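Structure first, commentary second.
Heavy atoms only: backbone and side chains are in, while hydrogens, waters and symmetry mates are out. Because the structure is predicted, anything quoted here is derived from the model rather than measured. Residue numbers begin at 1 in each chain, while the letters A, B, ... track the order of the sequences.
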Amino acid sequence: MQGWIIDSYPNYDSDSIVVWLWTEHGARRIEDSRFRPSFFMSAPPSELRSYRQRLEILDEIGEVRETRRRLNLGDEEPSPVLEIFPRHYRDLNDLAKTIDSNGGYYDHRLYNIDMRFSQRYFLHHDIFPLGLVDYSHGVWRMQEEQFALEYRLPPLRAALLDIAVDAPMGIPRLQDKLLGARLCEIDIGGSEGEILEKLNAALRDLDPDVILTDGGDSFLMPYLAKKSEALGIGLQLGREPQKLGEKKGRSYFTYGRIVYKPGQYLLKGRLHIDRGHFAYRESEMAGLGELSRLSTIVPQEQARLTPGTAFTAMQINRATRDGVLVMWKKNLPEFFKDAEQLIRADRGGFILEPEVGVHENIVELDYASLYPNIMVKFNLSMETLNCGCCADGGGQPVPGLGYHSCVKRLGLVPRVLRPLIDRKRYYKKLKKEPGPKQEIYRERDTILKWTLVTSFGFQGFRNARFGRIECHESINAHARDLLVRSMEIAEQHGYEVVHGIVDSLWLRPKANASGIDKLVEHINGAIGIPIDLEGVYKWVVFLPCKTTGVGALNRYYGLFQNGEMKLRGIELRKHDTSPFVNEAQKAMLDELSHANNVKEFVERLPRAVAVLQTFAQRLKDGKVPLQDLVLTKAVTRQLDEYTVMTSSVAALKQMKSRGYPIEPGEYIRFVITDGQSKNSEKKVKVADFIQGDEKPDVNEYLKLLCRAGETLLLPLGYTEDRLLEICRSDPPPSDPTPAENPHLKEISRRSGPGYMPTRH
DNA sequence: ATCACCCGGGG
DNA sequence: GTGTACGGGTGAT
């Protein structure tokens, strides 16, 4: 039987692995009870036998074998270890905890503990999800390479599931009445019980492979699960009966902020995918599939995880295939560092302060995937850094840190990254060529880019499975060194370096400057990591720090010769800005985008200010819909942990008083109705509770509007106060609204995190 | 003035 | 099941 693995999970009741295969003739369920997961324990050779005898007595243990495995990535030779087979799947984790904490074993370590059962099964049979496979007489045979560049996914049939819920409080709650449901094109109505029964029937008839939802994990699924239980009507959303398990949601710290992750509602044999989940949102099925194939995490789970988790899974797979065990807990002390070394090592990426103001004819060069490329080029991995085999001085030195990396053996991180970089390069090239698979290539490229971006951070993460802080430092040291060397080459070619951050250079060609192609070629040849021309700016404005006036590092906007605009750090790029202010800033940029050089830019300034004025007038006339004034703020802690009465806190109070507590990591959306008020009911109005008769705080929004204007125009002499003065007066008689710049529309659509786990 | 709090990142 | 560190901006006290 040929098909694609679309789902897999352990059956804890029968100690077996279930695999769902998508075939031409429908989905097939395969249950394999032969698979026995195991984990490993290392100990001094003299103790192994007695440990084994003690372990064998335990009820939870089925078998203990003495065998040999490599314990560390850097080990040449395998060491003697015990391989432990729990009697039941569900015992594995508890058993590991028992042995680890109070087993009375000394000088021992545990390996291969926290791996998914499905991932263990895939590794054991050398198969992977969403790859074409043959299963006959209990034997798996892959029909394609895991790293094949060209492959196709099964034509999964997806059905969008949505429900209508009565919401007397503005936002639906679990106890509110179910009014209807919609599956694909099928509208379902009737009593609550009828709706559930008709939904069951519709799913049986339609038999989709994928159920798509918007916010399924956070509301739709828990709501349906509760309804089904309350009414005593079983609801089967997956391909086998299951209790829709409530896994509790939780908040966790990631990407520098707290994220709320709702409980997972995983279906069996059918994929529940929330369209708001990261991989699907960014790259749809093609990107999710690419990631799932490479990480061997089944798509339904991968959809809820970050590319960083996928990267860790890839490392585990690589290590396991290399015959190296994966240590349960990382326990690698940092090298001793003297104070001076610490200061040098902790300095982050390279930064050169830009000249504030508007500049003409500036060239921007960017390194593509700089950090992953550095890891590959300099062979940076936990086991290759300061390796013993190159300690005699033959290693690759790390600039300024006194470390070295191995020149004899390729490290785990480069081995995992190399194919990812190659794949990304391939898809990036092909996505530009028109054809039926163009969109697929684009999505694969996008998800690979994210995976590469997060791979760097993992090196410095203290809990990273294969991370090491010195690796992180070394990558930064190489990055600084490369950028400085690139700058020197640019200067040799007659370019003045205007601004530089981490992996980008802004250059001003002098009269005698050589061509850009020649410069790029020279840098590529000398550095060995591809640098690309991001574009040549007709004009670009480097913005000052509003408090100190010196050049800010990551705040600028400019117009490329091809008509595209690049914006960084301004209101349009921030997700908390209201649509009204976004539109105003976009309209100002639309106006400025008609300028082809600095002279025209300066001439157009009054028109940009006039645009701002018309927006102010609409606001003063009460013509701006309340929905356009909604601010969206991230919530970072529980309500009682806040000490300052900000508008966000007022909104949180309002939510709570109506029975909607908000968890850290969720977002809160509200309109400011009286910025000065200390009363949470008067100060703001939560977006979902808007009746329509509320009045926004016009002065507050005028201030926000003019501040967005100041952000753009401060280097050109327009402060917030000056703009406020202009905006409080009447606008000019004629309407100077210019034609829209199509590239700006593109930008504004993307300005905000698409995934906002708020309730409906 | 100081503290509290939120935002960004890639195309 | 999970990137950190940090500059930047702004509001409350």
Side-chain angles (χ1 to χ4, degrees), chain A residues 114 116 247 249-259 261 264 282-283 297 301 304-309 311-313 346-349 351 353 366 368-371 424 428 431-432 442-443 445-465 467 469 472 476 501-504 532 534-535 543-548 550-555 564 566-571 573-577 631-637 641-650 667-668 672 675-676 678 700 703-704 707-708 710-711 720 743 746-747 750-753:
Chain A
D114 46 353
R116 287 174 177 75
K247 266 189 190 167
R250 46 171 219 111
S251 301
Y252 63 92
F253 191 72
T254 175
Y255 285 80
R257 65 169 179 263
I258 293 183
V259 173
K261 181 168 179 170
Q264 292 187 33
E282 292 289 328
S283 60
I297 296 174
E301 291 182 64
R304 291 160 173 79
L305 302 169
T306 63
T309 324
F311 183 67
T312 302
D346 281 352
R347 219 170 42 176
I351 282 162
E353 191 182 298
D366 288 357
S369 304
L370 177 65
Y371 286 12
K424 184 173 185 316
K428 185 178 180 180
K431 75 174 182 181
K432 292 170 184 160
R442 192 190 63 76
E443 288 165 3
D445 175 62
T446 301
I447 206 66
L448 287 167
K449 180 200 64 200
W450 276 110
T451 309
L452 290 173
V453 165
T454 43
S455 69
F456 163 66
F458 262 75
Q459 291 299 309
F461 179 37
R462 68 184 181 285
N463 293 330
R465 201 74 70 97
I469 189 69
H472 195 265
N476 266 326
I501 37 173
V502 190
D503 54 4
S504 304
D532 297 320
E534 170 82 353
L543 298 169
C545 172
K546 282 186 181 180
T547 42
T548 65
V550 302
L553 307 163
N554 247 338
R555 290 156 43 83
E564 276 180 55
K566 184 164 177 177
L567 319 173
R568 287 296 177 271
I570 66 174
E571 280 78 358
R573 294 282 298 189
K574 300 171 66 171
H575 80 249
D576 60 341
T577 313
L631 309 180
T632 307
K633 297 269 187 189
V635 177
T636 59
R637 58 194 80 181
E641 294 174 290
Y642 282 101
T643 56
V644 179
M645 180 63 167
T646 60
S647 46
S648 293
V649 173
Y667 288 83
I668 182 97
I672 300 175
Q676 299 303 306
K678 301 268 180 281
E700 197 69 35
K703 198 167 75 184
L704 292 173
R707 183 169 297 149
E710 178 192 84
T711 298
E720 179 184 328
H743 299 296
E746 187 79 5
I747 290 157
R750 284 172 180 157
S751 64

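Using a 4.0 Å cut-off between charged side-chain N and carboxylate O, A:K428 and A:D445 make no salt bridge. Salt bridge A:K566/A:E534: present, at least one basic N to carboxylate O contact under 4.0 Å.
Under 4.0 angstrom from either OP1 or OP2 of B:dC6 there lies at least one side-chain N or O belonging to A:Y642. For C:dG3, the OP1/OP2 oxygens have no side-chain nitrogen or oxygen of A:H472 closer than 4.0 Å. Close to B:dC5, at under 4.0 Å from its OP1 or OP2, lies a side-chain N or O of A:R637. Between A:K633 and B:dC5, a side-chain N or O to OP1/OP2 separation shorter than 4.0 Å is absent. The side chain of A:R442 contributes no N or O atom lying less than 4.0 Å from OP1 or OP2 of B:dG11. Contact between the side-chain N/O atoms of A:T309 and the OP1/OP2 oxygens of C:dG1 is not found at any separation under 4.0 Å. OP1 or OP2 of B:dG8 has not a single side-chain nitrogen or oxygen of A:R568 nearer than 4.0 Å.
Note: CG (A:L370) to P (B:dG11) measures 12 Å, nearest angstrom. For the pair A:L452 CG and C:dG3 C1', the interatomic distance rounds to 15 Å; values are reported in whole Å. For the pair A:R573 CZ and C:dG9 C1', the computed distance is 17 Å after rounding to whole Å. Counting to the nearest Å, the P atom of B:dG10 and the CD atom of A:E564 are 15 Å from each other. Between the NZ atom of A:K703 and the C1' atom of C:dT10 there is a distance of 9 Å, given to the nearest Å. Counting to the nearest Å, the P atom of B:dG10 and the CG atom of A:D532 are 14 Å from each other. Put simply, CG on A:D576 is 13 Å from C1' on C:dG11, counting in whole angstrom units. A straight line from NZ of A:K432 to C1' of B:dG11 spans 11 Å, rounded to a whole angstrom.
Nearer to the 5' terminus of DNA chain C, by closest-nucleotide assignment, is the contact made by A:R707 (compared with the other of A:T643 and A:R707).
Taking the C1' atom of each, C:dT4 and B:dC7 are spaced 15 Å apart, rounded to whole Å. Comparing the C1' positions of C:dG3 and B:dG8 gives an interatomic distance of 15 Å, to the nearest angstrom. Between B:dG11 and C:dA5, the distance separating the two C1' atoms is 24 Å to the nearest Å.
Legend: residues meeting side-chain hydrogen bond (donor to acceptor under 3.5 Å, both in side chains) with A:K546, ordered by chain and number and at least two apart, are A:E710, A:T711. In this structure, A:R568 has no side-chain hydrogen bond (donor to acceptor under 3.5 Å, both in side chains) partners at least two apart in sequence or on a different chain.
Closest approach to the A:T446 side chain among B:dG10, B:dC7, C:dT10 is made by B:dG10 (side chain taken as heavy atoms from C-beta onward). Among the nucleotides C:dT13, B:dG10, B:dC7, the one closest to any side-chain atom of A:M645 is C:dT13. For A:C545, whose side chain is taken as the heavy atoms from C-beta onward, the closest listed nucleotide among B:dG8, C:dG11, C:dG8 is C:dG8. Nearest to the side chain of A:R555, among B:dA4, C:dG8, B:dC7, sits C:dG8.
Judged by distance alone, the side chain of A:Y371 and the main-chain N or O of A:T454 form no donor-acceptor pair under 3.5 Å. In terms of modelled atom types and a separation under 3.5 Å, the side chain of A:T309 and the main chain of A:L305 share no donor-acceptor contact.
A:K449 comes within 4.0 angstrom of a nucleotide base, judged by non-hydrogen atoms across all strands. Residue contacts for A:K678: at a heavy-atom cut-off of 4.0 Å it reaches the sugar-phosphate backbone alone, with no base atom in range.
Donor-acceptor pairing under 3.5 Å, judged by distance alone, is absent between the side chain of A:K574 and the base of B:dG8.
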